[in-house]
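Keep in mind that the numbers below use all heavy atoms, side chains included, and drop hydrogens, waters and symmetry copies.
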Amino acid sequence: MTTLPLGNLPSSTSLSSSPSSFPPFLGTNFCVLAKFHSNHFKNRALTSRYTQKVDSLTKPRIFRISCSTESAEGSNTVVKEKSVSVILLAGGKGKRMGASMPKQYLPLVGQPISLYSFYTFSKMPEVKEIVVVCDPSYRDIFEDAKENIQVDLKFALPGKERQDSVYSGLEAIDSNSELVCIHDSARPLMLAADVAKVLKDGKRVGAAVLGVPAKATIKEVGIFIWCHLHLC
């Protein structure tokens, strides 16, 4: 989930090794140690320029991250009622899932997955409208739930890529909104309390992203990259 001030949308977003530009959501004094082993790139057809880049990463690079959401709890930032437009992305095809329908519409404990975040946003006093970006053939899922919500419901067509769908949603929101909140409807387990923190940070800082500490996962890929996360 991402929150941005509507009147100050950035033209592009990038990540770098600068502490100020690294996403501030992994916890207080959280360090990321990333180590790239150049010997894993042997016998591969790499240009000399790319090889130099790989060699420059052989030394571990450490990023120190501050958690802005914790400071938001004690801040005086107030997000006004009915001042937030939500863009709920529900246009993905979910091909990797291999199901008969996109995963955001699969039933979970009695209702489609996408309706969980839909209802969470609809109950928040800060939210004035929800713009659902979805294929028209699935609009009825949200239209049938309209009588259970107290916010405006709008629809937008999905694009070829995720950023195209976001842009489509941005074109449909109320221009008088102070914040726009973007969320993937295939992620149903967000809490309203966490959304409120992100909204406060978005207004106070200029942009905010909700995240949780990374789970330990080991994956083997074609070009091996070893990453180690630890608390400092």
Side-chain angles (χ1 to χ4, degrees), residues 1-4 6 9 13 15 23 25 84-174 177 179-199 202 207-222:
M1 180 180 58
T2 307
T3 300
L4 297 170
L6 183 57
L9 294 176
T13 303
L15 300 181
F25 56 74
V84 177
S85 292
V86 173
I87 297 176
L88 191 63
L89 300 175
K93 299 184 182 298
K95 292 181 179 179
R96 290 177 299 175
M97 191 74 175
S100 59
M101 64 178 68
K103 61 178 177 291
Q104 62 268 27
Y105 301 118
L106 292 173
L108 178 64
V109 195
Q111 70 179 18
I113 289 175
S114 58
L115 287 185
Y116 283 92
S117 55
F118 178 80
Y119 283 133
T120 298
F121 282 118
S122 71
K123 295 174 183 177
M124 298 190 66
E126 298 91 345
V127 175
K128 67 187 299 184
E129 63 179 1
I130 299 176
V131 178
V132 179
V133 183
C134 69
D135 187 280
S137 61
Y138 291 102
R139 286 185 179 181
D140 60 308
I141 293 176
F142 304 96
E143 289 174 338
D144 291 344
K146 186 176 181 179
E147 62 182 22
N148 299 322
I149 64 176
Q150 303 297 320
V151 298
D152 294 335
L153 175 61
K154 298 179 180 178
F155 292 98
L157 294 174
K160 182 179 179 180
E161 304 292 343
R162 179 189 173 93
Q163 60 264 33
D164 301 317
S165 295
V166 172
Y167 185 77
S168 179
L170 287 171
E171 290 187 308
I173 62 176
D174 187 341
S177 296
L179 292 171
V180 54
C181 185
I182 304 165
H183 183 69
D184 184 349
S185 66
R187 303 179 183 276
L189 302 180
M190 66 172 196
L191 302 176
D194 291 330
V195 177
K197 293 178 185 178
V198 175
L199 293 178
V209 179
L210 177 63
V212 296
K215 304 293 191 300
T217 303
I218 298 176
K219 294 183 180 181
E220 184 176 348
V221 294

How far does [atom1] of [X] sit from [atom2] of [Y], to the nearest 0.5 angstrom?
| X | Y | atom1 | atom2 | answer |
| --- | --- | --- | --- | --- |
| I130 | F142 | CD1 | CZ | 9.5 Å |
| L157 | D164 | CG | CG | 12.0 Å |
| I87 | S185 | CD1 | OG | 13.0 Å |

Any [X] side-chain heavy atom under 4.5 Å of [Y] side chain:
| X | Y | answer |
| --- | --- | --- |
| M190 | D194 | no |
| E129 | I173 | yes |
| S85 | V131 | no |
| D184 | S117 | no |
| Y138 | P112 | no |

Examine distances only and state if a side-chain atom of [X] and a backbone atom of [Y] form a donor-acceptor pair shorter than 3.5 Å.
| X | Y | value |
| --- | --- | --- |
| Y116 | L108 | yes |
| S165 | G159 | yes |
| S114 | Q104 | yes |
| E126 | V84 | no |
| K146 | L153 | no |

Which heavy atom of [X] sits nearest to which heavy atom of [Y], and what is that distance?
| X | Y | value |
| --- | --- | --- |
| C134 | R139 | SG-CG, 3.8 Å |
| A156 | S168 | CB-OG, 3.5 Å |
| L199 | C181 | CD2-CB, 4.3 Å |
| A172 | K154 | O-NZ, 3.2 Å |

Exercise for review: Given side-chain contact (heavy atoms from CB on, under 4.5 Å), test F118 with I149 step by step and report yes or no.
Suggested key: CA-CA 9 Å; F118 178 80; I149 64 176; 3.7 Å; yes
Practice item. Could you walk me through whether L89 and I182 pass side-chain contact (heavy atoms from CB on, under 4.5 Å), step by step? Key: CA-CA 7 Å; L89 300 175; I182 304 165; 3.9 Å; yes
Check your understanding: Are there more than 12 heavy atoms of other residues, nucleotides or ligands under 6.0 Å from atom CD of E171?
Key -> yes
Practice item. On the 0 to 90° scale, with breaks at 30° and 60°, tag the F121-H183 ring pair as parallel, tilted or perpendicular. Key: perpendicular
